[in-house]
Number of protein chains: 2
Amino acid sequence: MITIKDVARAAGVSVSTVSHVLSGRRPISEPTRLRVLEAIERLGYRPNRLAQGLVSKSSRSLGLLVPDLANPFFGSMAEAMEIAAHDRGYSVILCNTNLDSRREADYLSMLLSRQVDGLLYFPGTRVPNRALLEAVAAGVPVVVVDERIDNLPGVFVDNFDGGRQLGRLLAQLGHRSLLFIGGPEGLPTVTDRLNGLRAGLAEGGGAPANLLLRFGEYRASHGYETIHICAREGVFAAVGEERPTAVVAANDMIALGALRALRELQLQVPRDCSLTGFDGVEFTAMITPSLTTVQQPSTRVATAAVELLLQRIEAGENHRDRAGQQQPHDDQAEVAPVIPHVVLPVTLVVRESVAPPPPQR
Amino acid sequence: MITIKDVARAAGVSVSTVSHVLSGRRPISEPTRLRVLEAIERLGYRPNRLAQGLVSKSSRSLGLLVPDLANPFFGSMAEAMEIAAHDRGYSVILCNTNLDSRREADYLSMLLSRQVDGLLYFPGTRVPNRALLEAVAAGVPVVVVDERIDNLPGVFVDNFDGGRQLGRLLAQLGHRSLLFIGGPEGLPTVTDRLNGLRAGLAEGGGAPANLLLRFGEYRASHGYETIHICAREGVFAAVGEERPTAVVAANDMIALGALRALRELQLQVPRDCSLTGFDGVEFTAMITPSLTTVQQPSTRVATAAVELLLQRIEAGENHRDRAGQQQPHDDQAEVAPVIPHVVLPVTLVVRESVAPPPPQR
DNA sequence: TTGTAAGCGTTATCAA
DNA sequence: TTGATAACGCTTACAA
């Protein structure tokens with residue numbers, strides 16, 4: 001390995017001169033600068049970032065904790081975040097939490113060992129994770145993405161409004177009996193979308209006669225199985241107001257699975273039953289029928305999260321000693337620190353999968 | 001930050017003792033061991049991996065270069081690789097090359113700076129990338145995934161066989177005129193799948209009367225646009241053997257886009273036109289019609305790639321000095337080093353999207 | 001069984 | 001305008 005010493009020797013200068021040529025932190029005479037640059041080029045020198053990190057106490061890297069990269073929603077978010085971080089000179093350490101809080105704790109510990117400068121955290125299950133709070137207590141800047149956690153900074157979309165727009169649309173079309181297939185019960189995204197849905201239904205045409213709730217994972221299999229289970233329970237065989245005329249899935253993956261199951265039950269979407277998703281991933285525009293969904297501005301969410309995180313990292317680097325900000329407990333009356341929550345707007349995208357309910361049998 | 005010195009002081013021992021308690025590299029008397037462990041626990045000590053890496057000359061991390069995480073195929077591969085690496089004690093630095101070879105070069109340089117122990121590389125465009133070869137020359141172990149690059153170790157599936165199975169199936173159904181929508185022209189995956197297709201068609205029922213080829217990106221938009229362009233060119237208006245009765249997409253994303261476009265043209269799949277994909281990502285089973293495709297064993301590919309890479313990393317750590325293995329040029333007759341290529345089998349999954357061709361008009 | 005000290009590749013503080 | 005040199009937190013000879 002070529003080190004700064006080799007370069008110094010080759011250029012006939014001291015290591016500090018080489019270092020300063022690279023950092024530009026002090027003026028260097030043009031001739032020596034050129035000589036150093038030439039030596040660097042010639043030897044193919046590349047500074048060792050581990051060593052840099054050791055002295056600067058910053059690895060210029062971020063930990064990204066994501067539940068499920070096979071879901072294209074998380075995939076595109078991860079992609080956009082990594083790109084934003086790279087643009088700002090940070091690398092991203094990928095961690096697949098897989099909806100497992102023991103894995104999460106494991107990763108968090110590893111990330112702290114690696115001296116990451118901050119954490120981008122997608123909560124997968126009910127929150128908050130103990131290990132995450134410890135990391136926060138240890139002074140590592142964290143930005144929570146997608147889900148809302150009250151006492152942590154976060155970036156997410158207006159899930160309530162998305163649900164509300166769906167509710168209004170369905171109510172206006174005449175749907176009064178719905179099946180809501182949620183993600184994990186209690187997750188803010190699930191609850192907010194559901195509450196929004198209720199509000200929208202009320203606005204659009206009076207309280208629904210029937211709103212059936214199911215919860216589970218944010219996966220296609222959950223949508224698929226839920227529909228089949230409901231069918232076995234006779235939900236779709238019911239007559240009149242009992243029978244759901246629309247299925248509202250808490251995300252696009254669930255909707256995808258539900259669509260398949262509905263078809264297997266010979267229920268045609270949207271003729272026999274409407275269906276909606278949430279997130280607006282690419283395939284929703286491509287499948288048959290194309291899916292009515294709520295579009296998240298994924299790239300904006302991702303870049304906003306990275307921006308917010310870097311902002312906090314850089315703020316911390318300036319006016320804080322690095323021993324983990326222990327809260328001053330002596331002064332109860334101090335101003336509570338403002339926890340920034342960036343909420344981005346969503347867009348309802350109406351496509352083929354919704355229609356008025358079928359005439360009652 | 002709490003360091004090994006703090007622990008040593010708290011336990012009343014030297015730093016080397018603490019280090020050895022942690023590494024187990026030399027026997028420690030039980031009482032001191034316990035005292036050290038207790039101090040570690042009490043202080044919440046976490047070894048600094050930057051410092052460890054500096055002395056051990058290994059960061060225990062891998063660079064993962066992937067073209068497009070929004071594609072669920074890459075998403076699930078990335079997920080499986082990260083998990084395999086984590087299981088073996090390695091972290092993964094995520095790099096989104098976005099089909100851009102300048103970005104690739106950029107990332108490669110950063111990864112070398114960060115002292116990654118190895119590289120997991122998904123080529124996105126025509127190969128090989130110059131910067132990658134430089135990295136290889138610099139002695140960094142690389143495993144190429146998904147694509148085949150002759151003089152680099154790699155893990156990929158039997159693309160030829162996959163194409164062949166598709167070809168046989170379609171020929172046996174009676175298709176004699178096909179449209180092949182490829183990915184980037186010249187990529188091994190594309191070429192191999194196409195050559196396999198040709199072979200399979202020949203085996204299944206004589207040479208095809210007509211095989212129309214199009215190339216472009218591995219994206220849904222490419223499939224979508226290609227179909228529309230072909231339609232504008234009158235491809236689907238042709239009569240008799242000229243008109244393609246099946247569309248073979250080089251991957252599932254292309255097929256997804258193609259399916260949408262066919263539907264917009266009022267061509268029903270599979271009644272008017274059959275359609276196949278490649279990769280076997282989750283949504284292929286869910287969409288309507290469900291897609292006939294070639295299933296890759298993604299998890300096996302991913303873990304095999306990680307295994308192969310770690311094997312090479314660990315081999316290098318033992319019997320090689322770390323100055324970049326300069327090939328001994330003096331001996332022309334030396335045995336060429338064996339470049340391992342792990343080829344995994346694929347499975348044809350026949351679903352609704354294929355049928356015999358419609359009767360000729 | 002344990003401790004001392006050199007060194008990993010940088011940056012930063014002093015002097016010169 | 002430059003150069004020594006002490007850190008940074010750790011591992012690992014070498015000594016004791």
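Proteins get letters first, then strands, A, B, ... in listed order; numbering begins at 1 in each. Scope of the values below: all heavy atoms of this structure, side chains included, with no hydrogens, waters or symmetry mates.
- No engagement by A/Ser23 is indicated, since no non-hydrogen atom pair under 4.0 Å with the nucleic acid exists.
- Take the nearest nucleotide of DNA chain C for A/Val18 and for B/Thr17: the residue whose nucleotide is more 5' is B/Thr17.
- Among the atoms of the strands shown, none is found under 4.0 Å from any heavy atom of B/Arg33.
- In the model, B/Asn129 has no side-chain atom that pairs as donor or acceptor with a side-chain atom of B/Ser101 under 3.5 Å.
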Inset, instruction - Show your working on side-chain hydrogen bond (donor to acceptor under 3.5 Å, both in side chains) between B/Arg26 and B/His20 and close with a plain yes or no. - result: CA-CA 6 Å; B/Arg26 84 180 179 191; B/His20 285 116; 3.2 Å; yes
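- Side-chain contact annotation: A/Tyr121 with A/Glu147, donor-acceptor N/O pair under 3.5 Å absent.
- For B/Arg26 and B/Leu22, each mapped to the nucleotide of DNA chain D holding its nearest heavy atom, the one lying further toward the 5' end belongs to B/Leu22.
- Between A/Ser56 and A/Ser58, the side chains place no donor N or O within less than 3.5 Å of an acceptor N or O (distance only, hydrogens not considered).
- Side-chain proximity of A/Thr3 to the nucleotides C/dT2, C/dT10, C/dG3 is greatest for C/dT10.
- Recorded end-axis angle for the helix from C/dT1-D/dA16 to C/dA16-D/dT1 stands at 40°, based on five pairs per end and rounded to 10 degrees.
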Legend entry - Residue pair A/Asp106, B/His86: steps toward the side-chain hydrogen bond (donor to acceptor under 3.5 Å, both in side chains) verdict: CA-CA 10 Å; A/Asp106 220 41; B/His86 181 74; 3.0 Å; yes
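- In terms of heavy-atom proximity, A/Ala78 sits nearest to A/Leu69 at CB-CD2, 3.9 Å.
- In terms of modelled atom types and a separation under 3.5 Å, the side chain of A/Arg103 and the main chain of A/Asn96 share a donor-acceptor contact.
- Counting to the nearest Å, the P atom of C/dT10 and the CZ atom of A/Arg46 are 12 Å from each other.
- Atom P of nucleotide C/dC8 and atom CD of B/Gln115 are separated by 14 Å, given to the nearest angstrom.
- Nucleotides of DNA chain D that come within less than 4.0 Å of any heavy atom of chain B span, from the 5' end to the 3' end, D/dG9 to D/dC14.
- Close to C/dT10, at under 4.0 Å from its OP1 or OP2, lies no side-chain N or O of A/Arg49.
- For B/Lys57 and C/dG9, the shortest distance from a side-chain N or O to OP1 or OP2 is below 4.0 Å.
- If you check every strand for non-hydrogen atoms under 4.0 Å, B/Ser29 touches sugar and phosphate atoms only.
- There is a side-chain donor-acceptor pair under 3.5 Å between B/Tyr107 and A/Glu82.
- Counting non-hydrogen atoms under 4.0 angstrom, B/Ser16 reaches a base of the nucleic acid.
- Of the listed nucleotides (C/dT2, C/dA5, C/dG9), C/dT2 has the atom at the smallest distance from the side chain of B/Ile28.
- Regarding A/Arg25, its CZ atom lies at a distance of 13 Å from the C1' atom of C/dT13, rounded to whole Å.
- With 3.5 Å as the limit, one finds a donor-acceptor pair spanning the side chains of B/Thr17 and B/Ser14.
- Whole-Å rounding puts the A/Asn48 CG to C/dG9 C1' distance at 6 Å.
- Rounded to whole Å, atom C1' of C/dT10 lies 14 Å from atom CZ of B/Arg114.
- Residue A/Ser56 has no polar side-chain atom (N or O) positioned under 4.0 Å from OP1 or OP2 of C/dT11.
- To the nearest angstrom, P of C/dA6 lies 13 Å from NZ of A/Lys5.
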Inset, instruction - For A/Arg49 and A/Ser59, run side-chain hydrogen bond (donor to acceptor under 3.5 Å, both in side chains): C-alpha distance rounded to whole Å, both residues' side-chain angles, the deciding distance at 0.1 Å, then the answer. - result: CA-CA 7 Å; A/Arg49 304 206 61 162; A/Ser59 62; over 6 Å; no
